[in-house]
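Please read these numbers as outputs of a predicted model, since none were measured by experiment. For reference, positions follow the sequence shown, starting with 1.
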Amino acid sequence: MSRSPGPLRLAPLVLAALVCTAQGALAQSPAVAPTPTQVSPDVDKAYAQLMAAPAIQKLLDAVRADHERSVEDLRMLTEIEAPPFKEQKRAEAFLARMKAFGLTHAKIDAEGNVIGLRKGTGNGPKLLISAHLDTVFPAGTDVKVKERDGRLHAPGIADDTRGLAVLLSWLKVLNDNKVQTVGDLLFVGNVGEEELGNLRGMKAVFNDHLDIDGMVGLEPSPPGAVLVLGTASHRYEVTFQGPGGHSFGAFGQVPSAIHGMGRAIAKIADVHTPSFPKTTFTVGTVGGGTSVNTIAPDARMAIDIRSDDMASLLETEKKILAAIDEAVVEENKRWNVNTLSVSTKLIGNRPGGRTPPDSVIVEAAVRSNSAFGHKTLLRGGSTDANVPISLGVPAIIVGGGGKASGFHSLSESIDVTDAWKGAQNSLLTVLGLVGVQGVSPALLPKRTARTK
């Protein structure tokens, strides 16, 4: 077995090199916070111990050696459809692999998540490590993996099936090499991350497991990128209803649901939001009406509101809901009636927040990135990490390796050449947080268990 070049044989960390100067792909995603210019002495010492340990070098070599087999897991899982709310078959396949690699007590919970606990030596923290099972693609999508131009092509292969394959590889090499962590590792393949899944899987995990001390999630990310900000979002389904009538015979007697919706959209379009914290909205879909010569008895639209700050999101939401009510009043007034009504339904609720850049979990990722020669970019987005972050539980999202493109499109693909390097990098982050028996202490603090 050839030994992996470099990452653990670098010169000692030079803290000044930790300053984030995003380049290449990283430059395409703006930083949401400055990268720490130094890490705490405890974090630095723990990673120095990990880097110097032959057992850890052997473990990371094993990640590299497992790469080709891991790619076969990637192919297998990708070719099992997993649309939102229909993740069962992929969950069953993922569970079977987890059990085959040693988590014999793993199970599928009531929400559909696959969960397995790898116990530590005791008295250490409990770290959730996860990737999501679902994809954005509907049932019937061709998910056959095709190889061309040095890339693997298939819808969902990167987001987030690569993350699932990396979790399985970690589990296998940890058990094959009998590496005992100090803290517990809670392996999770979760449902409900995409579309209107509404983070239902991760919400269920944190509702059922109140003693989780931190989370490291895997998503497609360029080297060095660490997600620390969870963008919050609310989504509404808005329905307008009126009596309807003939376009000529009932004109002037009844209000149009579509006209009322049109007034609402115009008012929403004039809502002002702050540029910082970034806050956005859109009327994403519209529908309704009966025919071209009918005054519409119904109309409906869906609205997406997002912000990097909950207070800004709620203020924008307030303005939008007020605009909708004003539009209905105006449409009724136009015809001197009160027969047009509106109802709103919250169909998406993703909480948000930030993991502080100076927290141990972020410094661990920064230190690990440096060991692999990467500068760190702290970024934001809407992911499974939104749930723990909103609960005050430290959480980050990192990459699992591979060069991915075309997310959420039928042309999605990934180049897995040397992707094992990313799997090594993120595993080293995890090991520093939970500690390794006889090598390094656990860095992640234990928290007082939450209450429901």
Side-chain angles (χ1 to χ4, degrees), residues 2-31 33-67 70 158 162-163 166 169-170 173 216 218-228 357 360-379 396-405 414-433 436 439-440 443:
S2 62
R3 296 181 69 81
S4 58
L8 296 190
R9 299 181 178 82
L10 296 175
L13 175 69
V14 179
L15 292 179
L18 290 173
V19 179
C20 175
T21 308
Q23 297 177 345
L26 292 182
Q28 299 173 13
S29 179
T35 302
T37 56
Q38 62 181 17
V39 298
S40 72
D42 288 344
V43 171
D44 191 39
K45 180 180 179 181
Y47 278 91
Q49 291 169 333
L50 286 167
M51 292 162 64
I56 302 305
Q57 179 62 63
K58 181 182 177 184
L59 180 70
L60 295 189
D61 285 345
V63 172
R64 180 180 184 178
D66 191 50
H67 174 65
S70 180
R162 169 62 184 168
V166 170
S169 182
W170 288 355
V173 300
V216 175
L218 295 175
E219 287 269 14
S221 300
V226 180
L227 183 144
V228 297
V360 166
I361 200 167
V362 176
E363 287 192 354
V366 170
R367 182 62 170 84
S368 180
N369 283 342
S370 179
F372 281 81
H374 302 307
K375 296 175 180 178
T376 297
L377 174 75
L378 302 184
R379 67 182 186 91
I396 58 174
I397 299 290
V398 295
K403 299 176 182 177
S405 65
I414 187 170
D415 179 356
V416 293
T417 305
D418 293 339
W420 50 269
K421 293 180 180 178
Q424 287 180 332
N425 191 166
S426 46
L427 178 57
L428 187 66
T429 298
V430 166
L431 293 177
L433 291 167
V436 177
V439 177
S440 66
L443 292 171

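- The closest donor-acceptor contact from the side chain of Q49 to the backbone of S440 lies at 3.5 Å or more, if one exists at all.
- Side chain to side chain, D415 and T417 meet the donor-acceptor criterion of an N or O pair below 3.5 Å.
- Annotation for R162 and A419: closest pair NH2-O, 3.2 Å, computed over non-hydrogen atoms.
- Among all heavy-atom pairs drawn from L433 and Y47, the shortest one is N-OH, 4.1 Å.
- Residues A53 and V439 share a closest heavy-atom pair of CB-CG1, 3.6 Å.
- Distance check, rounded to the nearest 0.5 Å: CD of E219 to CD1 of I396 gives 13.0 Å.
- A side-chain donor-acceptor contact under 3.5 Å links S368 to the backbone of N425.
- Taking each heavy atom of L378 and P357 in turn, the nearest pair found is CD1-CB, 3.8 Å.
- Annotation for R367 and A48: closest pair NH2-N, 3.9 Å, computed over non-hydrogen atoms.
- No donor-acceptor pair under 3.5 Å is formed between the side chain of E363 and the backbone N or O of V43.
- Remark: side-chain polar atoms of T35 are paired, donor with acceptor, to backbone N or O of T376 under 3.5 angstrom.
- Residues G399 and L218 approach most closely at O-CD2, 3.8 Å, considering heavy atoms.
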